[in-house]
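As the structure is a computational prediction, the values presented were derived from the model and not from experiment.
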Amino acid sequence: MSKVVMSLPEGMVKNCLIGGAIALVSYVLLQMLCALLVDQGVLGLDQIYPLVCVTAALASFLGCGYSVLRGKGTSMLPVPVVVVVFLSLTLTAALLTTDAVSVENGLTGLGLSMAAGGLLAALVGYNLPKGKRGRTASRRKRRK
């Protein structure tokens, strides 16, 4: 094993994979809701791409939020990993269902939306109170 894998916090890989799966499931459910709204005539066809970007950001926020909360706010390293897992799962599904995936079809906006949702989760997670464990560790360091 490499030194990078051995130095990762305990359970981070599992939390990142679960966060990516949560992001994918929530993305699919939100897309179904958007499709229902378009089918009912509440939203127009010209609003599909912005809806895809918004649902990608929201799903990424949910998946990254899970990994940040499970990581107890000690590191923001899981956030880009969850975004990469989510993006790779989404691209895999896209490649399995279409002939080609290209940047002209909105891939850049989708990836940036996923990154924005992850960044928002990291900012929210960073500002959450750390709890007793974080405070006592910092006090011990100052006393020594």
ask   = For Tyr66 and Val82, what are the C-alpha separation, side-chain angles and deciding distance, and is it a side chain to side chain contact (heavy atoms under 4.5 Å, CB included)?
value = CA-CA 10 Å; Tyr66 170 82; Val82 171; over 6 Å; no

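- Just one residue in the list Ser67, Ser60, Cys16 forms a side-chain contact (heavy atoms from CB on, under 4.5 Å) with Val83, and that residue is Ser60.
- Across every non-hydrogen atom of Leu119 and Val79, the tightest pair is N-CG1, 4.4 Å.
- Residue pairs meeting the side chain to side chain donor-acceptor pair (under 3.5 Å) criterion with at least one partner in residues 16-44, sequence neighbours excluded, are Gln31-Thr55.
- Transitive grouping of hydrophobic side chains (ILVMFWY, heavy atoms separated by less than 4.5 Å) keeps Leu58 and Leu24 in distinct clusters.
- Residues Val42 and Val38 share a single hydrophobic cluster, defined by chaining ILVMFWY side chains whose heavy atoms lie under 4.5 Å apart.
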Under 3.5 Å, which donor-acceptor pairs link side chains of residues 43-54 to any protein atom two or more places apart or in another chain?
{"residue": "Gln47", "atom": "OE1", "partner": "Gly44", "partner atom": "N", "Å": "3.4"}
{"residue": "Tyr49", "atom": "OH", "partner": "Gly106", "partner atom": "O", "Å": "3.1"}

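- Considering every non-hydrogen atom in both Gly118 and Cys64, the closest pair reads CA-SG, 3.6 Å.
- Nearest heavy-atom pair, Leu30 versus Ala59, reported as atom, atom and distance to 0.1 Å: CD1-N, 4.4 Å.
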Under 3.5 Å, sequence neighbours excluded: what are the donor-acceptor pairs made by side chains of residues 86-95?
{"residue": "Ser88", "atom": "OG", "partner": "Val84", "partner atom": "O", "Å": "3.0"}
{"residue": "Ser88", "atom": "OG", "partner": "Val85", "partner atom": "O", "Å": "2.9"}
{"residue": "Thr90", "atom": "OG1", "partner": "Phe86", "partner atom": "O", "Å": "2.7"}
{"residue": "Thr92", "atom": "OG1", "partner": "Ser88", "partner atom": "O", "Å": "2.7"}

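- Residues Ala56 and Met114 share a closest heavy-atom pair of CB-CG, 4.0 Å.
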